[in-house]
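Notes to accompany the following structure.
All ligand and atom numbering here is 1-based and tracks the order in the structure.
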Amino acid sequence: MNQVNKTEKTFALTTPLYYVNDLPHIGSAYTTIAADAVVRFQRLLGRRALLITGTDEHGQKIQRTAESKGRSPQSFSDEMSLGFVSLWKLLDIQYDRFIRTTSPRHELIVKEFFERVWKSGDIYQGQQKGWYCVSCEEFKEERELLEGHRCPIHTNKEVEWRGEQNYFFRLSKYQTQLQALYASRPDFIQPTSRRNEVLNFVEGGLQDFSISRINVDWGFPVPSDPNHTLYVWFDALLGYVTALLEPEDEPTLENATAKWWPVNLHLIGKDILRFHAVYWPAMLMSGGLPLPDRVFGHGFLTKNGQKMGKSLGNTLDPVALVGRYGSDAVRYYFLKEIEFGKDGDFNESRFINILNADLANDLGNLLNRTLNMVKKYCAGNLPSIANDDISSDHPLKSIGLHLGEQVRNAYEALAFNQACEAVLLLVQVSNKFIDEQAPWSLYKQGKQQAVEQVLYAVLESVRLAAYLLSPIIPSISSDIYQQLGFGINFNEQIKTSIAAPFSIHGTWGVLSAQQKLGEPKPIFKRIELPKND
Ligand code: MSP
């Protein structure tokens with residue numbers, strides 16, 4: 001039995017549960033790639049880690065899309081949901097749970113939670129009046145709207161007027177408790193710009209929000225009044241909890257929250273910050289459940305400054321992108337190139353240039369030429385150098401000794417670009433080092449020991465770089481480890497993190513002469529720029 005105790009040694013995180021109104025686009029892939037890098041890094045640290053993802057399948061947006069295609073919402077959701085599963089496979093996402101909000105077990109969890117909130121006296125009937133954006137599944141304030149009553153996020157969509165009897169959740173009751181939460185746990189909402197946004201919003205005064213609809217069939221019935229369906233967000237957020245049920249568990253809140261709740265991190269985009277940092281904690285307080293540790297809201301992938309999305313029709317197809325460039329390339333570009341938390345534009349020439357510079361040239365060539373030199377100058381055997389023979393002020397070792405810690409801090413702060421840059425620096429210094437040391441001329445001068453020291457130091461630096469980048473480029477790292485003579489598939493090793501724990505592999509000086517080097521093969525092929533660019 002996989003018993004888990006919530007201790008320092010576990011880490012659970014969630015991606016948003018994606019709407020199934022369409023197949024996934026690059027924006028959905030972005031959050032998931034980042035989440036996967038986090039979970040893989042946690043596994044390197046030796047923690048038991050759980051990545052939760054899934055699909056959000058109820059509500060008017062899905063209902064309307066399915067109807068417009070002459071499909072039932074259920075069969076349409078079934079098909080779209082599979083699109084996410086297969087993209088995650090293509091992108092090498094190591095998720096542990098995939099929750100679909102239409103699952104019967106989820107309905108029971110939602111029902112039980114609703115009853116708790118009802119008992120807390122936080123649900124009442126009232127008149128809802130306001131502007132609704134179906135694409136956001138959210139009411140908007142009049143002052144937020146663009147000209148022509150258009151949504152500020154889905155700028156080509158007009159909001160719709162709603163005036164109906166709904167059930168409301170008493171959010172206003174939690175104003176003081178929420179403010180106390182933000183004050184006592186400054187890290188609860190990250191990054192700081194997002195935290196400030198939420199603080200301002202809450203300071204402006206919280207209004208109760210409606211949690212039921214009367215003209216939408218596609219949702220769970222409100223337990224106390226089946227003429228209403230539950231608002232899609234009320235049900236969707238609880239998907240995070242349902243996902244924690246073990247297959248053999250009875251679907252109760254007690255079982256679902258016994259092992260992994262509260263989760264350590266909700267990773268989301270900035271458009272759904274209010275739901276996660278205001279509504280959700282208040283719902284949890286009302287339902288008597290502990291709050292997650294942290295909510296991180298990343299920025300948007302944009303095209304010409306506008307959020308990429310299906311509603312605007314300006315997206316990039318992740319399946320085509322992975323097909324053309326491979327999964328590691330896509331993962332690397334988005335995590336290295338865009339500061340996590342800020343918006344970032346996609347540009348194909350830049351994409352190609354970065355991959356060529358970092359992965360093909362700096363990292364790939366370094367490994368390849370060094371392995372070839374080992375073949376030529378050391379009969380293909382890894383030089384027998386003891387780590388202690390190299391002094392700690394050696395130009396590569398001196399960087400390598402501190403790199404693990406630095407990169408660990410970057411991953412923990414979700415600063416993936418900083419992690420990449422720090423590793424790349426070691427790779428660049430290694431390239432410079434080999435050029436300056438010129439082992440080919442040392443060899444000619446008969447300085448075998450010096451040759452071996454140089455080659456060892458460079459290979460060890462490549463190894464460390466591959467290890468520290470493995471949460472981002474797992475396949476390339478795995479190939480590098482194999483060429484360096486680590487027998488079992490590295491991907492498997494880091495998954496269990498038994499064979500390659502951070503405490504050993506995260507520092508400099510791991511390669512040993514016992515290792516039998518593999519055949520040098522390019523780990524990343526240079527991409528040619530499309531002709532018309
Ligand atoms: N179903 C809700 C989430 C419910 S969570 C209990 C939802 N789904 S979504 O499919 O519309 O969006 C999911 C995530 O994808 C959000 O975090 C959103 O920010 C992210 N992205 C969608 N388009 C994006 C970009 N263009 N760029 C970056 N991320 C964006 O909201």
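Residue-ligand proximity: Trp233 is placed with a non-hydrogen atom under 4.0 Å from ligand 1. For His25, the heavy-atom gap to ligand 1 drops under 4.0 angstrom.
For atom 6 (C) of ligand 1, the nearest non-hydrogen atom from the set Tyr240, Phe346, Phe334 belongs to Tyr240.
By the criterion of a heavy-atom distance under 4.0 Å, the side chain of Asp56, and not its backbone, is placed next to ligand 1. Counting heavy atoms under 4.0 Å from ligand 1, residue His298 touches it through the side chain alone.
Partner Lys140 forms a salt bridge (charged side-chain N to carboxylate O under 4.0 Å, His left out) with one of Glu142, Glu138, Glu137 and no other, that one being Glu138.
Residue contacts with ligand 1: Ala236 is placed with no nitrogen or oxygen under 3.5 Å of a nitrogen or oxygen of the ligand (distance criterion only). At under 3.5 Å, a nitrogen or oxygen of Tyr19, whether backbone or side chain, sits near a nitrogen or oxygen of ligand 1. Between Tyr30 and ligand 1, no N or O atom pair is found at a separation short of 3.5 Å. Distances between N or O atoms of Leu301 and those of ligand 1 include at least one value under 3.5 Å.
The aromatic rings of His58 and Phe220 sit perpendicular, their planes meeting at an angle over 60°, well past the 30° parallel limit.
Within a 6.0 Å radius of CZ in Arg324, more than 12 heavy atoms belonging to other residues, nucleotides or ligands are found.
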